[in-house]
Engineer: 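Dumping the structure here so I can ask a few things about it.
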Amino acid sequence: MTLRLYDTATRAVRDFVPLEPGRVSIYLCGATVQAPPHVGHIRSGLAFDILRRWLEASGYDVTFVRNVTDIDDKILARGADEGVPFWQVAMRNERAFTWAYDVLGCLPPTYEPRATGHVPEMVELIDRLIEAGHAYAADGDVYFDVRSFPEYGALSGQRLDDMQPAGDSEASVKRDPRDFALWKGAKSAKPGGLAAGTADHGEPQWATPWGPGRPGWHLECSAMASRYLGSAFDIHGGGMDLLFPHHENEIAQSKAAGDAFAQYWMHNAWVTTSGEKMSKSLGNSLLVSEVVKRVRPVELRFYLGSAHYRSMLEFSDEALAESAAGYRRIEGFLRRAEESLGDGPGATGLPPAFAAALDDDLGVPQALAVVYDTVRAGNAALAEGDSGAARRARDEVVAMLDVLGVNPYAEPWAAHADDGAARRALGPLVDVVLAQRQAARERKDFAVADALRDGLASSGIVVEDTPTGARWSLAEES
RNA sequence: GGUGGAGUGGCCGAGAGGCGAGGCAAGGGACUGCAAAUCCCUCUACACGGGUUCAAAUCCCGUCUCCACCUCCA
């Protein structure tokens with residue numbers, strides 16, 4: 001069974017064949033750091049984190065690039081609003097994104113380039129495009145000539161003549177209204193605009209053969225992708241909303257300049273609330289930093305990752321809670337398995353059905369069904385005292401959760417999985433109470449036994465009776 | 001106007017011509033002094049109207065509703 005992925009460019013599920021055997025290169029459009037991340041942003045990071053983990057579990061050596069767009073109109077506008085340099089806005093939000101990726105267990109990218117660090121590469125790309133007759137300078141700006149690139153619109157399935165004319169006022173200098181900016185000339189060339197510590201935080205600008213200015217958004221990704229992955233690479237990913245114009249324009253720039261560029265295009269669907277797409281512009285965002293106060297991060301990750309990456313996910317606290325309940329059942333099995341078997345998880349292979357599900361365009365929902373089936377089998381084995389079967393099920397479950405990035409034994413969850421210090425301090429005390437309760441039970445004084453259990457419960461300690469005696473645990477929050 | 005997507009049981013969420021994913025919740029049962037946990041069972045669906053087919057949630061035609069992109073957006 002080989003991996004098959006849905007490729008937006010061909011609108012079909014295709015066998016995945018990397019350019020170089022054993023190696024996979026991925027470029028993911030990361031954040032435009034104009035605001036802190038909401039759960040929709042992180043879903044994208046998560047979807048491609050699962051892709052990456054699955055590729056690595058399948059034996060590939062993965063190079064994963066996720067950029068940071070640290071300069072754009074909104075960042076500049078926000079900086080101006082706040083009266084601070086744009087980079088203050090960009091860096092503050094970049095930290096917020098990094099925190100969110102980390103707290104949700106997204107593996108750090110191999111490379112995480114910032115747009116502002118790659119202006120020379122961009123200038124060079126513009127040069128190539130102008131020389132090839134695909135771009136032209138006008139009034140300090142440089143535009144891509146969409147009419148010069150017959151394939152323009154192929155990715156998004158649109159024809160130039162059907163598109164709504166762009167409503168920008170600068171159309172006069174463009175050869176075609178759909179031509180997009182590769183380079184934006186500085187509006188007012190204020191000298192010293194970049195000088196730190198001055199009151200003037202005017203537009204940042206870089207010197208070029210076409211005059212001072214700053215890069216266009218689409219150009220940045222083309223330049224950074226080829227800088228780190230070469231002129232041809234395997235997978236380009238991003239949210240569906242980037243399909244047009246961003247990815248269409250990336251293709252135009254890179255292919256017109258002679259690069260083969262991405263072989264597969266993958267797009268994740270977005271998170272909706274009340275049926276509407278969550279977005280900064282609609283103001284209905286749910287910040288990761290807020291949601292994570294209501295549920296454990298691993299539960300948020302489990303929830304966001306549980307739907308197929310190409311399906312819209314309607315976010316609700318109810319659905320999140322239901323999903324968390326399912327995850328806790330899995331955790332409960334692992335905890336009881338460890339107590340019963342007396343050891344931690346060991347390495348094992350993945351169930352074929354699980355692998356087949358992920359090979360089929362990352363069928364996480366079907367893969368989760370295998371996880372639950374295995375949990376049930378493991379629970380049954382535990383109840384029957386079949387430790388061999390229980391251990392096998394436990395190891396498989398852990399291996400599967402690991403691929404999905406929700407293995408409670410792995411970082412970053414392991415550190416929070418067990419409140420070791422609290423347990424060690426409480427243990428002897430709880431044991432005394434449990435001994436008293438057991439004594440009460442033996443003399444059939446159930447009123448006392450239950451009172452002791454209730455007392456512990458009100459302290460957040462949950463007691464469960466098992467065939468081998470009582471076990472206790474700290475209650476989950478919320 | 002152009003392009004793409006969605007409508008599945010109480011809820012979430014897969015599937016994409018034929019043996020009714022899975023989870024959460026609910027009800028019943030087993031176990032238990034009780035509870036919890038666990039296991040077993042049960043309920044149940046494919047927006048609407050036609051059509052094709054031995055067989056359609058799945059294909060075709062039509063209708064309705066919703067969403068997204070075409071402007072910054074994961």
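Proteins get letters first, then strands, A, B, ... in listed order; numbering begins at 1 in each.
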Engineer: Tell me, which stems hold RNA chain B, with a stem being 3 or more Watson-Crick or G-U pairs in a row and both distances under 3.5 Å?
Structural biologist: B:1-7 with B:64-70, B:10-12 with B:22-24, B:26-30 with B:38-42, B:47-51 with B:59-63

Engineer: Classify the ring geometry of A/Phe354 against A/Trp54: parallel below 30°, tilted from 30° to 60°, perpendicular beyond 60°.
Structural biologist: perpendicular

Engineer: Charged N to carboxylate O under 4.0 angstrom, A/Lys74 versus A/Asp81?
Structural biologist: no

Engineer: Please tell me which of the listed nucleotides, B/rA74, B/rG2, B/rC72, lies nearest to the side chain of A/Pro245?
Structural biologist: B/rC72

Engineer: Students often get this wrong, so: under 4.0 angstrom with heavy atoms, is A/Arg159 touching a base, only sugar-phosphate, or nothing?
Structural biologist: nothing

Engineer: Please list, pair by pair, any protein nitrogen or oxygen found under 3.5 Å from a nitrogen or oxygen in nucleotides 24-28 of chain B.
Structural biologist:
unit_1: B/rC24; atom_1: OP1; unit_2: A/Arg329; atom_2: NH1; d: 3.2
unit_1: B/rC24; atom_1: OP2; unit_2: A/Arg329; atom_2: NH1; d: 3.3

Engineer: Taking only Lys NZ, Arg NE, NH1 and NH2, and the carboxylate oxygens of Asp or Glu, determine whether A/Glu299 and A/Arg296 approach each other closer than 4.0 Å.
Structural biologist: yes

Engineer: Taking 4.0 angstrom as the limit, do A/Asp361 and A/Arg4 come out as a salt bridge?
Structural biologist: no

Engineer: Can you tell me the distance, in whole Å, between the NE2 atom of A/His267 and the C1' atom of B/rG4?
Structural biologist: 12 Å

Engineer: Kindly say whether the aromatic ring centers of A/Phe180 and A/Tyr143 come within a distance under 6.0 Å.
Structural biologist: no

Engineer: For residues 215-224 of chain A, which residue pairs pass the salt bridge (Lys or Arg N to Asp or Glu O under 4.0 Å) check, not counting sequence neighbours?
Structural biologist: none

Engineer: Look at atom CZ of A/Arg147 and say whether more than 12 heavy atoms of other residues, nucleotides or ligands are closer to it than 6.0 Å.
Structural biologist: yes

Engineer: Where the side chain of A/Glu314 is concerned, which of B/rG2, B/rG13, B/rC34 is the nearest nucleotide?
Structural biologist: B/rG13

Engineer: If you look at every strand shown and take non-hydrogen atoms under 4.0 Å, does A/Arg78 touch a base, only sugar-phosphate, or nothing?
Structural biologist: nothing

Engineer: When you measure from every atom of RNA chain B, which of residues 443-450 of chain A have a heavy atom less than 4.0 Å away?
Structural biologist: A/Phe446, A/Asp450

Engineer: Is there any protein nitrogen or oxygen under 3.5 Å from a nitrogen or oxygen in nucleotides 15-18 of chain B, and what are the pairs?
Structural biologist:
none

Engineer: So, does the side chain of A/Asp465 form a donor-acceptor pair with the base of B/rC34 at under 3.5 Å?
Structural biologist: yes

Engineer: For A/Asn379 and B/rA30, what is the distance between atoms CG and C1' respectively, to the nearest whole Å?
Structural biologist: 15 Å

Engineer: Quick one: label A/Leu28 by what it contacts on the DNA or RNA (base, sugar-phosphate, nothing), any heavy atom closer than 4.0 Å.
Structural biologist: nothing

Engineer: Just compare B/rG22, B/rC69, B/rG13 and give me whichever is closest to any side-chain atom of A/Asp373.
Structural biologist: B/rG22

Engineer: Mind checking whether A/Phe261 and A/Trp265 have parallel, tilted or perpendicular rings, split at 30° and 60°?
Structural biologist: tilted

Engineer: Can you tell me if A/Arg391 has over 12 outside heavy atoms packed within less than 6.0 Å of its CZ?
Structural biologist: yes

Engineer: Which label fits A/His236 and A/Tyr27: parallel for a plane angle under 30°, tilted from 30 to 60°, or perpendicular past 60°?
Structural biologist: tilted

Engineer: Can you find a donor-acceptor pair, distance only, under 3.5 Å between A/Arg453 side chain and B/rA35 base?
Structural biologist: yes

Engineer: For A/Arg376, which contact category applies under a 4.0 Å heavy-atom criterion: base, sugar-phosphate, or nothing?
Structural biologist: sugar-phosphate

Engineer: Compare the minimum distances between each of B/rA74, B/rA21, B/rC72 and the side chain of A/Asp72, then state the nucleotide with the smallest one.
Structural biologist: B/rC72

Engineer: In whole angstrom, what separates A/Ile330's CD1 from B/rG22's C1'?
Structural biologist: 11 Å

Engineer: Contact class for A/Ala383 (heavy atom, under 4.0 Å): base, sugar-phosphate, or nothing?
Structural biologist: nothing

Engineer: I need the NE2-P distance between A/His247 and B/rC72, as an integer number of Å.
Structural biologist: 14 Å

Engineer: Taking only the C1' atom of each, what is the distance from B/rU32 to B/rU44 in whole angstrom?
Structural biologist: 31 Å

Engineer: Is there a ring-ring contact (aromatic ring centres under 6.0 Å, His included) between A/Phe48 and A/Phe64 once you walk through the steps?
Structural biologist: CA-CA 9 Å; A/Phe48 287 93; A/Phe64 188 90; 7.4 Å; no

Engineer: Flag the pair A/Arg301 and A/Asp49 as a salt bridge only when some basic side-chain nitrogen lies within less than 4.0 angstrom of an acidic carboxylate oxygen.
Structural biologist: yes

Engineer: Do NZ/NE/NH1/NH2 and the carboxylate oxygens of A/Lys184 and A/Asp72 come within less than 4.0 Å?
Structural biologist: no

Engineer: I want to verify a distance call: between B/rG22, B/rC34, B/rA37, whose nearest atom is closest to the A/Arg437 side chain?
Structural biologist: B/rC34

Engineer: Check side-chain hydrogen bond (donor to acceptor under 3.5 Å, both in side chains) between A/His118 and all other residues, then give those that pass, not counting sequence neighbours.
Structural biologist: A/Tyr228

Engineer: Using a 4.0 Å heavy-atom cut-off, does A/Val364 contact any base of the nucleic acid, only the sugar-phosphate backbone, or nothing at all?
Structural biologist: nothing

Engineer: Describe the nucleic acid contact of A/Glu318 in one word from base, sugar-phosphate, nothing, applying a heavy-atom distance below 4.0 Å.
Structural biologist: nothing

